[in-house]
*Asks:* 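If you scroll down you'll find the structure; I have some questions about it.
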Amino acid sequence: MINEIKQDGEARMQKTLEALESTFSKVRTGRAHPGMLSGVMVSYYGSPTPLNQVASVNVEDSRTLLVQPFERTMVQAIDKAIREADLGLNPMTADVIRVPMPALTEQTRKDMQKLARGEAENSRVSIRNIRRDMMNDIKELAKEKEISEDDERRASDDIQKITDKYIETIDSRLSKKETDLMSV
């Protein structure tokens, strides 16, 4: 019973970390990486389709993404989708689409850093909410006399250790992202 609660909570915490990583991949640094365009939706014959399903996205050099459409007719639609995605990117179009990363100003870097810190804090809050739910479940079991007080105390300590581990992971990923953002 207790192990099921811990496993469920830890799985939820892992999903929170994955969501944070996904969000961090969209926060722009000075370097090019394909994840930056993961949220771009292209109008593919009238229906919105993720960019990675209509083109391959590769890193040409440290400051340029290379987007190669699977169909030549999609070049203009992809160009339009990237421009409208509000990422601050201006693609250069030929047979392939080159997306240069503009150099970030100091103010933009600080704004991106604030955004990353906010996302990390949201993840910490989510982890704490999961911990609260797990603790309530444990207390409910103790209240129903399904587990002893000692088991309740041990489970609470284990849940706190799991929570601390995930909070520490979030902090380390945030500091790594801040280092990436502030490096020129």
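For this chain, numbers begin at 1 and follow the sequence in order.
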*Asks:* Quick one: do Leu51 and Leu89 end up in the same hydrophobic cluster if we chain Ile, Leu, Val, Met, Phe, Trp and Tyr together by side-chain heavy atoms under 4.5 Å apart?
*Replies:*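 Same hydrophobic cluster.
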
*Asks:* Closer than 3.5 angstrom, by distance alone: can the side chain of Thr49 be matched with the main-chain N or O of Ser47 as a donor-acceptor pair?
*Replies:*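 Yes; at least one donor-acceptor contact below 3.5 Å.
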
*Asks:* Measuring only between side-chain heavy atoms, which start at C-beta, is Lys80 closer than 4.5 Å to Gln76?
*Replies:* no

*Asks:* Is there a side-chain contact (heavy atoms from CB on, under 4.5 Å) between Leu115 and Asp111? Walk through the geometry before answering.
*Replies:* CA-CA 6 Å; Leu115 180 68; Asp111 291 343; over 6 Å; no

*Asks:* Do Lys165 and Glu10 sit within salt-bridge range, that is, some charged N less than 4.0 Å from a carboxylate O?
*Replies:* yes

*Asks:* Over all heavy atoms of both residues, which pair between Phe70 and Asn52 is shortest? Give the atoms and the distance, please.
*Replies:*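 So the minimum-distance heavy-atom pair works out to CE1-O, 4.2 Å.
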
*Asks:* Is a salt bridge present between Asp151 and Arg154, judged by a nitrogen-to-oxygen distance below 4.0 Å?
*Replies:* yes

*Asks:* Tell me if a side-chain donor or acceptor on Lys177 pairs with a main-chain N or O of Ala116 at a distance below 3.5 Å.
*Replies:* no

*Asks:* Hey, is Glu121 close enough to Arg128 for a salt bridge, meaning N to O under 4.0 Å?
*Replies:*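 Here Glu121 pairs with Arg128 in a salt bridge, since their nearest N and O are under 4.0 Å apart.
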
*Asks:* What I'd like to find out is whether the side chain of Leu65 reaches to under 4.5 Å of the side chain of Val59, using heavy atoms alone.
*Replies:*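 Leu65 reaches Val59 side chain to side chain.
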
*Asks:* Hey, what do you get for CZ (Arg132) to CD1 (Ile127), rounding to the nearest 0.5 Å?
*Replies:*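 Arg132 CZ to Ile127 CD1: 13.0 Å, rounded to 0.5 Å.
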
*Asks:* Locate the shortest heavy-atom distance separating Ser43 from Ala77; write the atom from each residue and the value.
*Replies:* O-CB, 4.0 Å

*Asks:* Within this structure, what is the CE-OG1 distance for the pair Met101 and Thr64, rounded to the nearest 0.5 Å?
*Replies:* 7.5 Å

*Asks:* So do the side chains of Tyr166 and Arg124 get within less than 4.5 Å of each other, counting heavy atoms only?
*Replies:* no

*Asks:* For Arg83 and Asp79: C-alpha separation, side-chain torsions, deciding distance, then whether side-chain contact (heavy atoms from CB on, under 4.5 Å) applies.
*Replies:* CA-CA 6 Å; Arg83 288 181 193 278; Asp79 180 88; 2.9 Å; yes

*Asks:* What is the distance from atom CG of Asp8 to atom CD1 of Ile5, rounded to the nearest 0.5 Å?
*Replies:*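 One gets 8.5 Å once the value is rounded to the nearest 0.5 Å.
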
*Asks:* Can you tell me how far the CE atom of Met41 sits from the CD atom of Glu84, to the nearest 0.5 Å?
*Replies:*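 Answer for the CE-CD pair, Met41 versus Glu84, is 13.5 Å.
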
*Asks:* Within a radius of less than 6.0 Å around CD of Glu149, do more than 12 heavy atoms belonging to other residues, nucleotides or ligands occur?
*Replies:*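 Open.
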
*Asks:* If you compare all heavy atoms of Pro91 against all heavy atoms of Ile97, which two are closest, and at what distance to 0.1 Å?
*Replies:*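 Scanning both residues completely, I find the closest heavy atoms to be CB-CG2, 3.5 Å.
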
*Asks:* Within the 4.5 Å heavy-atom criterion, are Met134 and Thr163 side-chain neighbours or not?
*Replies:*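 Met134 vs Thr163: side chains apart.
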
*Asks:* Output all residues satisfying salt bridge (charged side-chain N to carboxylate O under 4.0 Å, His left out) with Arg131, sequence neighbours left out; order by chain, then residue number.
*Replies:* none

*Asks:* Find out if a path of hydrophobic residues (ILVMFWY) with successive side-chain heavy-atom gaps under 4.5 Å connects Val75 to Tyr44.
*Replies:* yes

*Asks:* Step by step, would you call Gln160 with Asp164 a side chain to side chain donor-acceptor pair (under 3.5 Å)?
*Replies:* CA-CA 6 Å; Gln160 186 59 48; Asp164 291 342; 2.8 Å; yes

*Asks:* Output, in order, the C-alpha distance, side-chain angles, deciding distance and verdict of side-chain contact (heavy atoms from CB on, under 4.5 Å) for Asp137 and Leu141.
*Replies:* CA-CA 6 Å; Asp137 292 345; Leu141 288 176; 5.9 Å; no

*Asks:* Would you mind reporting whether Asp171 and Ile167 have side-chain heavy atoms less than 4.5 Å apart?
*Replies:* yes

*Asks:* Is it true that Arg153 and Asp150 make a salt bridge, defined as a side-chain N closer than 4.0 Å to a carboxylate O?
*Replies:* yes

*Asks:* Any link between Met13 and Ile2 through a network of hydrophobic side chains (Ile, Leu, Val, Met, Phe, Trp, Tyr) touching at under 4.5 Å?
*Replies:*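 As far as the 4.5 Å side-chain criterion goes, Ile2 and Met13 are connected within one cluster.
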
*Asks:* Just by modelled atom types, is the Glu152 backbone N or O under 3.5 Å from a matching donor or acceptor in the Ser156 side chain?
*Replies:* yes

*Asks:* Give the C-alpha distance, both sets of side-chain angles, the deciding distance and a yes or no for side-chain contact (heavy atoms from CB on, under 4.5 Å) between Met182 and Glu106.
*Replies:* CA-CA 8 Å; Met182 296 314 280; Glu106 189 68 24; 3.4 Å; yes

*Asks:* CG of Asn3 to CE of Met1: how many Å apart, nearest 0.5 Å?
*Replies:*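 Rounded to the nearest 0.5 Å, the CG-CE separation comes out at 11.5 Å.
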
*Asks:* Tell me whether Ser38 contacts the main-chain N or O of Pro34 through its side chain, where contact means a donor paired with an acceptor under 3.5 Å.
*Replies:*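 Checking the backbone N and O of Pro34 against the side chain of Ser38, no donor-acceptor pair under 3.5 Å is found.
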
*Asks:* Thr105 and Thr108: which non-hydrogen atoms are nearest, and at how many Å?
*Replies:*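 Result for this residue pair: OG1-OG1, 2.7 Å.
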
*Asks:* Less than 4.5 Å apart, any side-chain heavy atom of Tyr45 and any of Thr73?
*Replies:*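 A side-chain contact exists here, since the closest heavy-atom pair is under 4.5 Å.
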
*Asks:* Do any N or O atoms from the side chain of Arg109 and from the backbone of Leu181 form a donor-acceptor pair under 3.5 angstrom?
*Replies:*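 Flag set: sc Arg109 to bb Leu181 pair under 3.5 Å.
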
*Asks:* Any side-chain heavy atom of Arg173 within less than 4.5 Å of one from Leu17?
*Replies:*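 Side chain of Arg173 against side chain of Leu17, heavy atoms only: contact under 4.5 Å found.
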
*Asks:* What are the two closest non-hydrogen atoms of Asp95 and Pro69, and how far apart are they?
*Replies:*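 So the minimum-distance heavy-atom pair works out to O-CD, 4.1 Å.
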
*Asks:* Rounded to the nearest 0.5 Å, how far apart are CD1 of Ile162 and CG of Asp158?
*Replies:* 6.5 Å

*Asks:* Work out which heavy atom in Ile147 is nearest to a heavy atom in Ile138; give both atom names and the distance.
*Replies:* CD1-O, 3.8 Å

